[in-house]
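Structure first, commentary second.
Here is how names work: the chains are called A, B, and so on, in the same order as the sequence lines, proteins then strands, and each is numbered from 1. Note: hydrogens, waters and symmetry copies are ignored here, and every other heavy atom, side chains too, is used.
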Amino acid sequence: MASVRLRNLNKIYPDGFHAVKDVNVDIADGEFVVLVGPSGCGKSTTLRMIAGLEEPSSGDLLIGDRRVNDLEPGERDIAMVFQNYALYPHMTVRQNMEFGLKMRRTPKAEITARVNEAAEMLSITHLLDRRPKEMSGGQRQRVALGRAIVRYPAAFLFDEPLSNLDAKLRVQMRTEIAGLHQRLRATMVYVTHDQVEAMTLGDRLVLMRDGVVQQIAPPLEVYHKPANRFVATFIGSPAMNLFEGAIHNGAFRLKDIASSPVPVGSELADGTAVLGVRPEDLVLGAPDHQNFVTGVVQVVELLGHEALLHVKIGSQLVVVRSAALNSAEPGATVALAVREGRVHVFAGDEVGRRLN
Amino acid sequence: MTSDTPQREPFLLTLGRHALLLAFVAISLWPVLDVLAISLRPGNRLRTTEFELFPRDATLASYRALFTEQPFLRWLGNSLLVSTAVTVTGVALASISGYAFSRFKFVGRQTMMVSILTTQMFPATMLLLPLYLMIAKLGLVNTFVGLVLFYVATALPFCVWQMKGFYDTIPHSLEEAARIDGCSPWNAFTKVVLPLAAPGLVITALFSFMSAWSEYLIAAQVLQDRELFTLPLGLKSFQSSMSTQWGLYAAASLLVSIPVVILFMLLSRYLVSGLTLGSVKE
Ligand SMILES: Nc1ncnc2c1ncn2[C@@H]1O[C@H](COP(=O)(O)OP(=O)(O)OP(=O)(O)O)[C@@H](O)[C@H]1O
Ligand SMILES: [Mg+2]
């Protein structure tokens, strides 16, 4: 096992497309890091550079203390699990798992021992003689995991390993991967665009957008202190509500709409800003309360354990998460308050850096 | 219930369809049976007034003569040698270059693909003269090497395209997995890609073999010694300006087709592709 370090990593594809821009990430030995971001943001490209399947245009890549830029994929001591499993169709499960060890001339007895151990760990012992086409998607992905495990690699790389599975299986395999990490304590780099996977699996998340890292932090920090507007709306479902307005004397006021000032901290300079409030931090106000703003309920979504109210404020729709299922009817006018200390303030410019 | 059972088609239509199919079966089988009949007739009768498949005086004399009086075995050996050489060379070259065209981006890739295809647009007869001149310059006239060179050159374009098309259906992630498992690019090709391309290799091999096995025109230009003749040339030699030995001709024709039939039967299961099924999910 080893650390993985990315230093000023860039990838410019031959057609001139700059897919990964100056990425710096230090992944500690044994850490589970999730690369997450919207489609096309360069997650796979970054992972494939670590694997050696794409050549970095510039920058350094270190696994342990070795600079691996010029090493073949097979020399980097990494294992990778692909979205499409990529099992060798002409080999049995056992042969698939043995292949990497055979290529490395591991002694036969040890190969058998490792394969049996991994098969046991993944409960696929009964599948060892099957071929890939004789298995279900979940079983295939398990075998792909097994093929990685037997190698005892310095780091595991995953590129959206669960996105071809149905919803139920995905949850199950997610738990399994988490368990695997706890058990193996191996360095893992995991690519996904699924924020639930990211939040539940990662020790830390690396959020990317258009090839640029937006934030590197543990999941809860990303959730509670998103570094900018993009991260704020990307993580969390339903997405964080954003209000445009301005700060004056440490309080935020909406633009163009009557509202009570929301205190955001006296250290913030005056000027335009964007206020972010998560749906669960926007509460239906009591009459005697200092309310933020009023709006009209458009739609009520009942999810069983909670309700999502879509409330129109001026021309904007915001979402309120309410534990009470009968709190409001469509058409009702409601007052909304902001839970104290749970506001996010972002700069009013294009990037929307976090201010508080 | 009745609404979704397909309507039975009118009897006349069924009858017509079967009649048409039977007619085509007859058209393709009749000549073969005719050749069989001729090969069994004593002497040199091409036409007779009878229509029997086995003439009453049927004899294997023509077959016997082929092996005893004519250098038929020699020609068979020559043909096998030439066709096998063409197959091995063709498959080896096509499997490698098809892979390069499928996987690598290099300068001139597109141009080369198109120019390879262009050579297929000219009839082989047109290339006969320039290719012959080349072989003559190389001093390879009247040699098997010259003939094999000729055949490989004409069969290769199709084979390369065929193999490229086959590799295109094999997901790149398989080679990538192999590279991560410790394979060099060459190992990933031979250990993972090539076994999966087996059906493509078989088709390419069959095509190369057959194109050489039954070829006459080019062989007639390159080979001059009767000793070096391949089967099609040997067959033609039964046809002299004076007379044609139809019995020998027919018997030899039938024997020539046997190896091809056997090849097809042996390889037919490889022709059913779908080997990559289930390895990946796109
Ligand atoms: N071989 C290539 N040549 C040119 N551009 C490429 C190539 N591969 C990827 N790209 C581009 O680079 C960008 C990043 O691609 P990448 O596959 O890393 O995205 P991703 O974050 O993994 O997205 P997804 O979630 O859809 O898998 C995309 O805009 C893509 O179009
Ligand atoms: Mg991707």
So for atom [atom1], which belongs to [X], do other residues, nucleotides or ligands contribute more than 12 heavy atoms lying within a distance under 6.0 Å?
X        : atom1 : result
B/Met113 : CE    : yes
A/Glu120 : CD    : no
B/Phe104 : CZ    : yes
A/His126 : NE2   : yes
B/Lys191 : NZ    : no
A/Asp65  : CG    : no

Would you name the heavy atoms of B/Leu174 and A/Pro89 that are closest together and state the gap between them?
CD1-CD, 3.9 Å
Enter the distance from A/Leu53:CG to B/His172:NE2 here, rounded to the nearest 0.5 Å.
12.5 Å
Members of residues 177-190 of chain B whose heavy atoms come closer than 4.5 Å to chain A
B/Ala177, B/Ala178, B/Arg179, B/Ile180, B/Asp181, B/Gly182, B/Cys183, B/Pro185, B/Asn187
What part of A/Met135 lies closer than 4.5 angstrom to a heavy atom of chain B: side chain, backbone, both or neither?
neither
Heavy-atom proximity to chain B below 4.5 Å, by part of A/Arg48:
side chain
